[in-house]
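I have placed the structure first, in the form of structure tokens, so that the comments after it can refer back to it.
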Amino acid sequence: MPTSDSYRESLIESLKDAEHAAGFIGAILEEKDPEPALLRNAIRKVIEAKIRMNALSDSAKEVHEKLDKMLTESGGSEIYCLVELLEALGFKLEITVADIELPAESESTEIGESELSPEPANF
């Protein structure tokens, strides 16, 4: 059986995958009787994974600090209340991965033949 440190490292490593991280936070929000620190802890682990990937912007750091302070004070009650209200209204809050454009240096500069030719008009 893995040690606590090994499990934590494995979890942080798995949270580097955006789909996995989204599912992790989504599962926390679906808890019926959430523990106050659970959401805060989950977000911290996702933040740690992003930091290890050098993929956390300064603005994300600032927003995390604000949110962490709010979650410390309220235990996430507002967020869980929102989730509960949405469910009562027949909706579901879902965490998904945002479509983010690639930086210019990683985009291909080659232009394919199909990109040069206009598409035929369909009338």
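By the side chain to side chain contact (heavy atoms under 4.5 Å, CB included) test, Ala55 pairs with Lys50, Met53, sequence neighbours left out. Qualifying side chain to side chain contact (heavy atoms under 4.5 Å, CB included) partners for Ala18, counting only residues two or more places apart in sequence or in other chains: Val97. When the side chain to side chain donor-acceptor pair (under 3.5 Å) test is applied to Glu13, the partners found at least two apart in sequence or on another chain are Lys16. Listed by chain and number, the residues in a side chain to side chain contact (heavy atoms under 4.5 Å, CB included) with Glu48 are Arg8, Ile12, Arg52 (sequence neighbours excluded). Checked against side chain to side chain donor-acceptor pair (under 3.5 Å), Asp68 has the following partners two or more places apart in sequence or in another chain: Arg40, Arg44. With sequence neighbours left out, the side chain to side chain donor-acceptor pair (under 3.5 Å) criterion links Ser10 to no other residue. Every side chain to side chain contact (heavy atoms under 4.5 Å, CB included) that Ser77 has, sequence neighbours left out, goes to Ser74. With sequence neighbours excluded, no residue satisfies side chain to side chain donor-acceptor pair (under 3.5 Å) with Thr96.
Looking at heavy atoms from C-beta onward, Leu38 lies in side-chain contact with Glu31 at the 4.5 angstrom threshold.
There is no path of hydrophobic side-chain contacts, each under 4.5 Å, that joins Val63 to Leu56.
Taken to the nearest 0.5 Å, the NE2 atom of His64 stands 12.5 Å off from the OG atom of Ser57. From Leu86, atom CG reaches atom SG of Cys81 across 9.5 Å, with rounding to the nearest 0.5 Å. A distance of 13.5 Å separates CG in Leu67 from CD in Glu62, rounded to the nearest 0.5 Å. Here Glu65 contributes atom CD and Ile47 contributes atom CD1; the two are 10.0 Å apart, rounded to the nearest 0.5 Å. Atom CZ of residue Phe24 and atom CD1 of residue Ile43 lie 10.0 Å apart, to the nearest 0.5 angstrom. From Ile25, atom CD1 reaches atom CG of Leu15 across 8.0 Å, with rounding to the nearest 0.5 Å.
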Under the side-chain contact (heavy atoms from CB on, under 4.5 Å) criterion, do Glu30 and Lys92 qualify, and how do the steps go?
CA-CA 9 Å; Glu30 291 176 2; Lys92 178 181 179 183; 3.3 Å; yes
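Annotation for Ile28 and Leu39: closest pair CG2-CA, 3.7 Å, computed over non-hydrogen atoms.
Within the structure, every pair that satisfies the salt bridge (charged side-chain N to carboxylate O under 4.0 Å, His left out) test and touches residues 80-91, not counting sequence neighbours, is listed here: Lys32-Glu87.
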